[in-house]
Peer 1: 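Got a structure for you, questions after.
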Amino acid sequence: MKRNMIRFVKNFLKCGLIGWCMEIIFTAMDALRRRDMTLMGNTSLWMFPIYGCAAVFSPISRLLRGKPVWLRGFTYMCLIFSGEYLTGKLLTRHRLCPWDYGRSHWNVNRVIRLDFAPFWFGAGLLFEHFLEGDAQRQL
């Protein structure tokens with residue numbers, strides 16, 4: 001039990017850091033699109049625990065092992081959208097949400113963007129890769 005908790009905490013920290021890095025790179029690429037060559041990327045402290053929750057993908061990825069990549073990516077994408085929606089609504093209720101997708105035609109209640117589906121698909125597979133490496137070392 002203690003070993004599982006330590007593994008979960010390590011995975012939580014790993015996913016939080018990976019998520020932060022992905023978000024900084026993603027927002028910097030948006031700056032590039034706007035021809036802002038400072039390539040300033042940004043994130044929020046609130047995002048660390050949100051991305052850290054991807055640690056729950058570890059047992060899910062074991063269940064999906066051997067399944068087609070489209071099924072695994074789609075599953076993670078749906079989980080990420082669900083987590084983003086729930087945390088976005090919670091943070092919005094307290095006026096703390098660091099994102100507002102209201103300007104996008106593809107937004108759902110201003111807290112998720114359906115056009116981000118390919119990014120979340122890929123992000124889920126990236127989290128799986130890092131979590132799977134940890135799981136293989138544990139065997």
Side-chain angles (χ1 to χ4, degrees):
M1 181 69 164
K2 184 177 179 181
R3 181 182 237 176
N4 287 339
M5 185 56 125
I6 291 170
R7 187 179 313 142
F8 178 79
V9 170
K10 285 181 181 180
N11 283 339
F12 184 88
L13 295 172
K14 186 188 309 184
C15 289
L17 288 172
I18 291 167
W20 259 354
C21 291
M22 284 190 311
E23 184 161 326
I24 290 167
I25 292 167
F26 186 81
T27 56
M29 292 299 101
D30 188 54
L32 181 64
R33 182 189 58 80
R34 295 186 321 269
R35 292 188 167 81
D36 175 0
M37 297 315 285
T38 63
L39 300 181
M40 186 67 66
N42 59 61
T43 189
S44 163
L45 287 175
W46 288 113
M47 298 311 295
F48 185 87
I50 292 170
Y51 286 120
C53 288
V56 303
F57 289 3
S58 187
I60 295 167
S61 71
R62 283 192 289 274
L63 291 172
L64 294 174
R65 189 173 288 145
K67 302 290 189 241
V69 70
W70 67 265
L71 178 62
R72 297 189 336 264
F74 182 78
T75 301
Y76 300 134
M77 178 193 71
C78 290
L79 291 170
I80 291 170
F81 270 137
S82 298
E84 184 180 31
Y85 186 85
L86 293 172
T87 57
K89 291 304 277 184
L90 176 68
L91 290 170
T92 299
R93 183 177 303 139
H94 298 286
R95 295 190 176 117
L96 298 172
C97 192
W99 70 90
D100 180 350
Y101 297 139
R103 296 180 71 201
S104 169
H105 295 293
W106 295 91
N107 86 82
V108 176
N109 295 331
R110 306 178 75 97
V111 294
I112 64 171
R113 286 182 58 168
L114 298 178
D115 58 325
F116 281 5
F119 300 112
W120 292 139
F121 184 100
L125 293 172
L126 183 68
F127 284 126
E128 175 192 68
H129 172 75
F130 282 101
L131 293 170
E132 185 176 280
D134 183 59
Q136 288 177 354
R137 283 188 294 277
Q138 299 294 324
L139 296 176

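Residue numbers count from 1 along this sequence. Since this is a predicted model, take the numbers as computed values, not measurements.
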Peer 1: Measure the spacing between NE2 of H129 and CG of L126 and express it to the nearest 0.5 Å.
Peer 2: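 Here the interatomic distance stands at 7.5 Å.
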
Peer 1: Does M47 offer a backbone N or O that forms a donor-acceptor pair with the side chain of W20 under 3.5 Å?
Peer 2: no

Peer 1: What heavy-atom pair brings S44 and P98 nearest, and what distance separates the two atoms?
Peer 2: CB-CB, 3.7 Å

Peer 1: What are the two closest heavy atoms between A55 and C15, and how far apart are they?
Peer 2: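 Shortest heavy-atom separation between A55 and C15 comes out as N-SG, 3.7 Å.
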
Peer 1: In Å and rounded to the nearest 0.5 Å, what is the CG to CZ distance from L96 to R93?
Peer 2: 12.0 Å

Peer 1: So for atom CZ, which belongs to F48, do other residues, nucleotides or ligands contribute more than 12 heavy atoms lying within a distance under 6.0 Å?
Peer 2: yes

Peer 1: With heavy-atom distances below 4.5 Å as the criterion, would you say the side chains of K89 and N109 are in contact?
Peer 2: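 They are in contact (side-chain heavy atoms under 4.5 Å apart), so the answer is yes.
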
Peer 1: Do C53 and F12 come within less than 4.5 Å of each other through their side chains, counting heavy atoms only?
Peer 2: yes

Peer 1: Within the 4.5 Å heavy-atom criterion, are L91 and V111 side-chain neighbours or not?
Peer 2: no

Peer 1: If you count heavy atoms of other groups shown closer than 6.0 angstrom to CZ of R34, is the number above 12?
Peer 2: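 Counting neighbours around CZ of R34, more than 12 heavy atoms of other residues, nucleotides or ligands fall under 6.0 Å, so yes.
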
Peer 1: If you define the side chain from C-beta out and look only at heavy atoms, does anything of T43 sit under 4.5 Å from C21?
Peer 2: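 No; the side chains remain at least 4.5 Å from each other.
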
Peer 1: Could you check whether S61 and R65, counting side-chain N and O atoms only, form a donor-acceptor pair closer than 3.5 Å?
Peer 2: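 Short answer, no.
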
Peer 1: What distance separates K10 NZ from M5 CE, expressed to the nearest 0.5 Å?
Peer 2: 14.0 Å

Peer 1: Given the side-chain rings of F121 and Y76, with only the six-membered ring counted for Trp, is the space between their centroids under 6.0 Å?
Peer 2: no

Peer 1: Within the 4.5 Å heavy-atom criterion, are I60 and L64 side-chain neighbours or not?
Peer 2: yes

Peer 1: Where does the angle between the aromatic ring planes of F119 and F26 fall among parallel (under 30°), tilted (30 to 60°) and perpendicular (over 60°)?
Peer 2: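 Because their plane-to-plane angle is over 60°, the rings of F119 and F26 count as perpendicular.
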
Peer 1: Is it true that, when you exclude L63 itself, more than 12 heavy atoms of the residues, nucleotides or ligands shown sit nearer than 6.0 Å to its CG?
Peer 2: yes

Peer 1: Atom NZ of K14 and atom CZ of R7: how far apart are they, to the nearest 0.5 Å?
Peer 2: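 Taking NZ in K14 and CZ in R7, the distance rounds to 10.5 Å.
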
Peer 1: Does one hydrophobic cluster hold both F127 and V9, with members joined at side-chain heavy-atom distances below 4.5 Å?
Peer 2: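 Looking at the clustering, V9 is in the same group as F127.
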
Peer 1: Kindly state whether the ring of F116 and the ring of F81 have centres lying under 6.0 angstrom apart.
Peer 2: no

Peer 1: Nearest 0.5 Å, please: how far is CD1 in I50 from CD1 in I80?
Peer 2: 12.0 Å

Peer 1: Side-chain heavy atoms under 4.5 angstrom apart, residues restricted to Ile, Leu, Val, Met, Phe, Trp, Tyr: same cluster for L13 and F57?
Peer 2: yes

Peer 1: Working note: W46 + T87, criterion side chain to side chain contact (heavy atoms under 4.5 Å, CB included); need CA distance, chi angles, decisive distance, verdict.
Peer 2: CA-CA 10 Å; W46 288 113; T87 57; over 6 Å; no

Peer 1: Hey, does Y101 have a side-chain heavy atom less than 4.5 Å from the side chain of R113?
Peer 2: yes

Peer 1: Tell me whether the rings of Y51 and W120 are parallel (<30°), tilted (30 to 60°) or perpendicular (>60°).
Peer 2: tilted

Peer 1: Indicate the atoms forming the closest heavy-atom contact of T75 with L71, along with that distance.
Peer 2: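 Nearest heavy atoms, T75 then L71: OG1-O, 2.7 Å.
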
Peer 1: For the residue pair N107 and I112, establish whether any side-chain heavy-atom pair is separated by less than 4.5 Å.
Peer 2: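 Of all side-chain heavy-atom pairs linking I112 with N107, none is under 4.5 Å.
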
Peer 1: State whether the side chain of N4 and the backbone N or O of M1 hold a donor-acceptor pair below 3.5 Å, judged by distance alone.
Peer 2: no

Peer 1: If hydrophobic clusters are built by linking Ile, Leu, Val, Met, Phe, Trp and Tyr wherever their side-chain heavy atoms come under 4.5 Å apart, do L125 and I25 end up in the same one?
Peer 2: no

Peer 1: Quick check against the 3.5 Å criterion: does D100 have a side-chain atom that pairs as donor or acceptor with the backbone of G102?
Peer 2: yes

Peer 1: For M29, does the CE atom have more than 12 heavy-atom neighbours from other residues, nucleotides or ligands under 6.0 Å away?
Peer 2: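 Yes, the 6.0 Å shell around CE holds more than 12 heavy atoms from other groups.
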
Peer 1: To check you understand the geometry: which heavy-atom pair defines the closest contact between L39 and A28, and what is its length?
Peer 2: O-CB, 3.3 Å

Peer 1: Hey, quick one: are L114 and M77 part of the same hydrophobic cluster, counting side-chain heavy atoms closer than 4.5 Å, chains of contacts allowed?
Peer 2: yes

Peer 1: Is M40 reachable from M22 through a run of hydrophobic residues whose side-chain heavy atoms are each under 4.5 Å from the next?
Peer 2: no

Peer 1: Please check this pair: side chain of T27 against backbone of I24, looking for a donor-acceptor N/O pair closer than 3.5 Å.
Peer 2: yes

Peer 1: When you compare the side chain of V69 with that of R72, does any pair of heavy atoms fall below 4.5 Å?
Peer 2: yes

Peer 1: Evaluate the criterion side chain to side chain contact (heavy atoms under 4.5 Å, CB included) for residue pair E84 and W99; output intermediate values, then yes/no.
Peer 2: CA-CA 10 Å; E84 184 180 31; W99 70 90; 3.8 Å; yes

